[in-house]
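Read the numbers this way: they start at 1 and go in the same order the structure lists the ligands and their atoms.
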Amino acid sequence: MKGTAEIETPAVLIDRLKLEANLLSMQELADKHGLALRPHAKTHKSVQIGRRQIALGACGLTVATVDEALVFGAHGITSITISRPIVSSEKIDRVLAGLAPGIDLRVVVDSESGVAAAAGPAADSQRTLGVFIKVDVGLGRCGVDPGGSGALELARLINESAHLEFRGILSHAGQAYAADSREAAAEIAAAERLTMLGVRDALIGGGVEVPEVSVGATPTVLAAANFEGITEIRPGNYVFLDLLPIGVGVATEDQVALTVLATIISKNSRYFVTDAGSKSLTSDSGVHGMTGTKGFGAAYPEDRYLSPDHRLRVDGLSEEHGKLARTDFDLAIGSRVRIIPNHSCPVANLAQQLVIVQGGTITQWPIDAARGSR
Ligand SMILES: Cc1ncc(COP(=O)(O)O)c(C=O)c1O
């Protein structure tokens, strides 16, 4: 393919140079602070991008699901953390059966049920499973209460099991997406660090060694001033970025690597109508308590991408149609726009492939672990 004119729309475009810049700058941040980087691959679900992250220095990948772990494990990633707690021994059986014995698999628990689900299959397969305890640092989603005795009790239980190895504590301060400034996100990151170090010290006080303290969300990692005591970061969204971290003030539109290419298929006095609806852009309007998001993306005419005078808001979506609120300029039917989505992670998950654009060169990469929610 020679130019984007040949790409059928809607399509998910990846600006390869911006992707590479995002990958590099996160690795540099990790290196600067002496942190292991274990990117969350749920954002891209792409073996090619995962391998590039490892080549640049990442110590392994984070995934959310067993399906994702199996895909990345089958393609040469040798250290994988499944960060969503698993409470089913069938799932642990499935992932252990599917991953080569040499792969360092790490799971996350926040309950005795989680420890029990991991212990049986690990013993049956004669493998050692790394286990992290998830700590709730304010998101209120998963994790033990940092003020209680839950972490110590779970760590002791893990250490009683011959085939489980307690690796440390893990947190995700996703509530930082609701922050309205970089400073506010930095405060959330600082609070997360102090909370995690408090849990670490309580465990050490209780006689439990804590090899790793793993944190991570793109806004907190990009905003944090101090990583002392942290050993690992797990940002995911940073590879593509989107309007959510931009809203927090930790990224700018010109850094965004993922856009949706769409065609104007109709227009009226109020709207340009595109062929990118919620089945391409998703109707994601923000995560974790965000309330300020307006619309479903920022669209620019393809030939005036990022021109401030030509920014259009995606005001409405139906499944296969998107409505761009018109301003003072016209666009021809058949012309194209590039849309920065609210949230790039679910957009990549829904796409058929990633269309990689670098100058005049266009290639396609598969989304190897797409729609693997189990
Ligand atoms: C446990 C965990 N770690 C890391 C991340 C990465 O966060 P982000 O995509 O904001 O960088 C997520 C995202 O949902 C997560 O749930």
| request: Give yes if a backbone or side-chain nitrogen or oxygen of Thr43 is under 3.5 Å from a nitrogen or oxygen of ligand 1, and no if not. | output: no
| task | Under the salt bridge (Lys or Arg N to Asp or Glu O under 4.0 Å) rule, collect the residues that match up with Glu192, sequence neighbours excluded. | result | none
| field | Verdict with reasoning, Tyr271 to Arg326, per side chain to side chain donor-acceptor pair (under 3.5 Å) | value | CA-CA 5 Å; Tyr271 297 112; Arg326 291 184 69 152; over 6 Å; no
| said: Taking only non-hydrogen atoms of Arg84, do any sit less than 4.0 angstrom from ligand 1? | reply: no
| query | Under 3.5 Å, side chain of Gln175 to main-chain N/O of Val137, donor-acceptor pair present? | reply | yes
| field | Polar atom proximity, Thr218 to ligand 1 (N or O, under 3.5 Å) | value | yes
| Hey, does the side chain of Thr231 reach the backbone of Val213 with a donor-acceptor pair shorter than 3.5 angstrom? | yes
| message | Looking at Arg304 and Asp309, is any side-chain nitrogen of the basic one under 4.0 Å from a carboxylate oxygen of the acidic one? | response | no
| request: Name all residues meeting the ring pair (Phe, Tyr, Trp, His ring centres under 6.0 Å) criterion together with His321; count only those two or more places apart in sequence or in a different chain, and write none if there are none. | output: none
| request: Look only at interatomic distance and state if Thr62 has a nitrogen or oxygen under 3.5 Å from any nitrogen or oxygen of ligand 1. | output: no
| task | Could you say whether the N/O atoms of His40 and ligand 1 ever approach to under 3.5 Å? | result | no
| message | Check Arg336 with Asp275, please: is the shortest side-chain N to carboxylate O separation under 4.0 Å? | response | no
| note | Out of His172, Met26, His343, the nearest non-hydrogen contact to atom 15 (C) of ligand 1 is supplied by His172
| request: Output yes when the distance from some N or O of ligand 1 to some N or O of Gly236 is under 3.5 Å, and no in every other case. | output: yes
| task | Give the numbers and elements of all ligand 1 atoms closer than 4.0 Å to a heavy atom of Asn237. | result | 8 (P), 9 (O), 11 (O)
| request: Give a yes/no on ligand 1: does Gly216 have at least one heavy atom closer than 4.0 angstrom to it? | output: yes
| request: Compute the shortest N/O to N/O distance between Tyr177 and ligand 1 and return yes if it is under 3.5 Å, no if not. | output: yes
